[in-house]
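Down below is the structure, laid out as structure tokens.
All values derive from a computational prediction rather than experimental measurement. Lettering follows sequence order; numbering is per chain, from 1.
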Number of protein chains: 2
Amino acid sequence: MSVTIKDVAKKAGVSPSTVSRVIAEHPRISAKTSRKVREVMDELGYHPNMMAKSLVSKTTKTIGVILPRPAEELLLNFFFYEFMRGVMAQLTRAGYDLLMAGGNNEREELETVTRLVRGGRIDGLLLLYSRIADPIIAFLHKEKVPFVLIGRSLDYENVLSVDNDNVQAAYDATKHLIAQGQRRIGFVSGPTHLAMTQDRLAGYTKALAEAGLPFKQGWVVEGEFLLESGYRAMASIMSQPEPPTALVVIDDFVAFGVLKGLAELGFRVPQDVAIVSFNNIALAELTMPPITSVDIGTYQLGYTASQMLLSTILQEQIQPRQLIPHRLVIRESSLRTFFPV
Amino acid sequence: MSVTIKDVAKKAGVSPSTVSRVIAEHPRISAKTSRKVREVMDELGYHPNMMAKSLVSKTTKTIGVILPRPAEELLLNFFFYEFMRGVMAQLTRAGYDLLMAGGNNEREELETVTRLVRGGRIDGLLLLYSRIADPIIAFLHKEKVPFVLIGRSLDYENVLSVDNDNVQAAYDATKHLIAQGQRRIGFVSGPTHLAMTQDRLAGYTKALAEAGLPFKQGWVVEGEFLLESGYRAMASIMSQPEPPTALVVIDDFVAFGVLKGLAELGFRVPQDVAIVSFNNIALAELTMPPITSVDIGTYQLGYTASQMLLSTILQEQIQPRQLIPHRLVIRESSLRTFFPV
DNA sequence: GCGGATAAGTAAAACGTTTGCACAACCAGA
DNA sequence: TCTGGTTGTGCAAACGTTTTACTTATCCGC
């Protein structure tokens, strides 16, 4: 049906092996033959069949991304798109494609990974999050499949990973509130089984401790990466006899819920409650008021992770763990001195 | 290296063909043999090599999505993730994977598509937008590759597509403003080479005509899908001797810019200027005031598009064009009777 | 003008499946 | 007992590449 290497060979008057070598730019092909073959390739509109190629070369020029399951879906939300932009930029540059696959539960997810890896469909894998005792990581580790983790592994040493210094980031954010004169600072958290959440919580408590400020259990609310989660957190956290006057929020999207909740309860931001958050998605500057947020370099995260993965696949030497710098972007939501016009 | 069909065959004491037929659930395999072979497969941890399989079957159980280029990135942004959720839900259900690929310019993009299609890497394609005289559509059409378009083709009949009734949607939105007693209604538009923009504009003018309201050229501003676009539009549209008292805005993101622009010019929303918009992204309810927006069922768009694509691949009969219903979500930005507390 | 390197190319096996065809065994009906 | 159909399985070709091992042709120094 489609035009194959044999068709080209026949028309160019050479053998299939020669055509193959022309494509691979094998040194032992004369300039003349090469030119002739390329001419015929153009003429016939030849494109190599990737399946045949992969079958023998055992490489697919494709890397896989396993999508988080429904529960975590919204976690990545806008974050995800920005991350993927970074990934795609790198992959496009290197001539790789990206395969996305999912699964509805942990078993299916592992099954998908097995299928892709053992089925020879991908050369490497990008993991978007890390749970405790993740069976996927265990599997990949055992099979020696190249993979890069966003975040850090809680179970294995030496896993390739790209991360932020989340402890420091949360420390910086909390410090900023303290510098604004805040003394009663709460924390609206994410799922605690994620390394990221744990790290940010650690940075928060560290800053409090250093400043000699109280850590109150009631001022910390666990939740998910959902708008509703932030919204609901306000009901519980702000109904206390002495509610916090400032909040560190795990994620911008959750912060949107926090804004909504506070507005309904009649609290003004930042006059009554100041807010800092994480990720600095594009919408953070569009809310009322705009949200102070830690920019974690989402695009860079994706770009660097892919770069590491490609390097590993090509057997290049790399540093197993890279940190992307963060940056606190200060906007009105955290400024005590802010007075609206 | 990896365990193949031959290994299984040998261990089970049958021929490779038999193993293959067991996997394919061929009717003429005895229950006994089937059981035996499956046992061995489990025991050895066999997983079929997809490359070999695809090579002979000419099918990959993979569908492709071509990412929009930088210029259009923002257009899809908030859309994209929600859309992809719908796509993935459908594909996961059907056991298909998704291949994402990009290109930095029109030439590269077409090259990518050619490579994927001719290289036999995908069974079908999802196109996220439609331009006038799109060479990709021309190519796919010529090659008879199954594909589904989001929106509608301006060049070809009979292209499979999933769309909203954008004319009706804009008609509904405009009608709503008219029902609120508005008489001077403007339109903040997007790029006019997109079918979507043209359709929404048509619905707007239709509603005006029906109500006997004036259509003024100065009340319609063309722009892009950017916040700045809405912001700038206000400067030109509101400086006229008789500016509109209500606006239909092409997209929520643009509407944010409109809000910002109006605030700076000293107009209150909705008291001085009422607003309706499209897409109903999550943030639409978080602005001040919350924005009335037409929900276009983004998730459904993705889900249905994938469904159509899969049906086509399986040669099932389908309706070539499907419309996803829309729904006007009314919030404060459009209510004349709204008085802020 | 010969031996031996070197350059340029070919033939054929291999990659791991699927599938058309052949065939043996069995069974039912006459 | 024969005929003809059905059932279960195996053989080998095919899919479109890459790559190893081999064949020629050419060239060079002596």
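Shown here for A:S30 and A:T33, the closest heavy-atom pair between the two residues is OG-OG1, 2.7 Å.
An OP1 or OP2 oxygen of C:dA8 is reached within less than 4.0 angstrom by no side-chain nitrogen or oxygen of A:T33. The side chain of B:K58 places an N or O atom within less than 4.0 Å of a non-bridging phosphate oxygen (OP1 or OP2) of D:dG16. Between A:T4 and D:dG16 there is no side-chain N or O to OP1 or OP2 distance below 4.0 Å.
Contacts of B:S20 with the nucleic acid, taken as non-hydrogen atoms under 4.0 Å apart, include base atoms. Using a 4.0 Å heavy-atom distance criterion, A:T18 is classed as a base contact. Using a 4.0 Å heavy-atom criterion, one finds that A:S57 contacts no nucleic acid atom at all.
Side-chain contact check for A:T18 and A:S15: at least one donor-acceptor pair (N or O, by modelled atom type) lies under 3.5 Å. Side-chain atoms of A:D123 and A:T60 include a donor-acceptor pair closer than 3.5 Å.
Look at CD1 on B:I23: it is 6 Å from P on C:dT18, rounded to the nearest Å. Rounded to whole Å, atom P of D:dA14 lies 24 Å from atom CE of B:M51. Atoms NE2 (B:H26) and C1' (C:dG20) sit 10 Å apart, rounded to a whole Å. Here C:dA8 presents its C1' atom at 15 Å from CZ of A:R35, a figure rounded to the nearest Å. Between the C1' atom of D:dC15 and the NZ atom of A:K6 lies a distance of 8 Å, rounded to the nearest Å. The CD1-C1' distance, from B:I5 to C:dT18, rounds to 8 Å in whole Å. Distance B:K36 NZ to D:dT9 C1': 16 Å, rounded to the nearest Å. Summarising the geometry, the separation between CZ on A:R118 and P on C:dG16 is reported as 13 Å, rounded to the nearest angstrom.
Minimum atom distance to the side chain of A:I29 is reached by C:dG9, of the listed D:dT18, C:dG9, C:dT18. Relative to the side chain of B:N49, the nucleotides C:dG16, C:dA12, D:dT17 differ in distance, and C:dG16 lies closest. Counting only heavy atoms from C-beta on, B:R28 has its side chain closest to C:dA22 among C:dG16, C:dG9, C:dA22. Among the nucleotides C:dT17, D:dG16, C:dT10, the one closest to any side-chain atom of A:L55 is D:dG16. Which of D:dG8, D:dT17, D:dT19 sits closest to the side chain of B:S30 comes down to D:dG8. Set against D:dT7, D:dG10, C:dG9, the side chain of B:R21 has D:dG10 as its closest nucleotide.
Each end of the helix from C:dG1-D:dC30 to C:dA30-D:dT1 yields a helix axis from five base pairs, and these two axes differ in direction by 40° (to the nearest 10 degrees).
With the nearest nucleotide of DNA chain C identified for both B:A24 and A:V14, A:V14 has the one nearer the 5' end.
Residue B:Q315 qualifies as open at atom CD: its count of foreign heavy atoms under 6.0 Å is 12 or below.
Between the side chain of A:D7 and the backbone N or O of A:T4 there is at least one donor-acceptor pair closer than 3.5 Å.
The shortest side-chain heavy-atom distance between B:P48 and B:I5 does not fall under the 4.5 Å cut-off.
Residues B:E111 and B:R115 are not paired through a salt bridge, judged by the lack of any N-O separation under 4.0 Å between the basic side chain and the carboxylate.
For B:E143, the salt bridge (charged side-chain N to carboxylate O under 4.0 Å, His left out) criterion is met by B:R118, not counting sequence neighbours.
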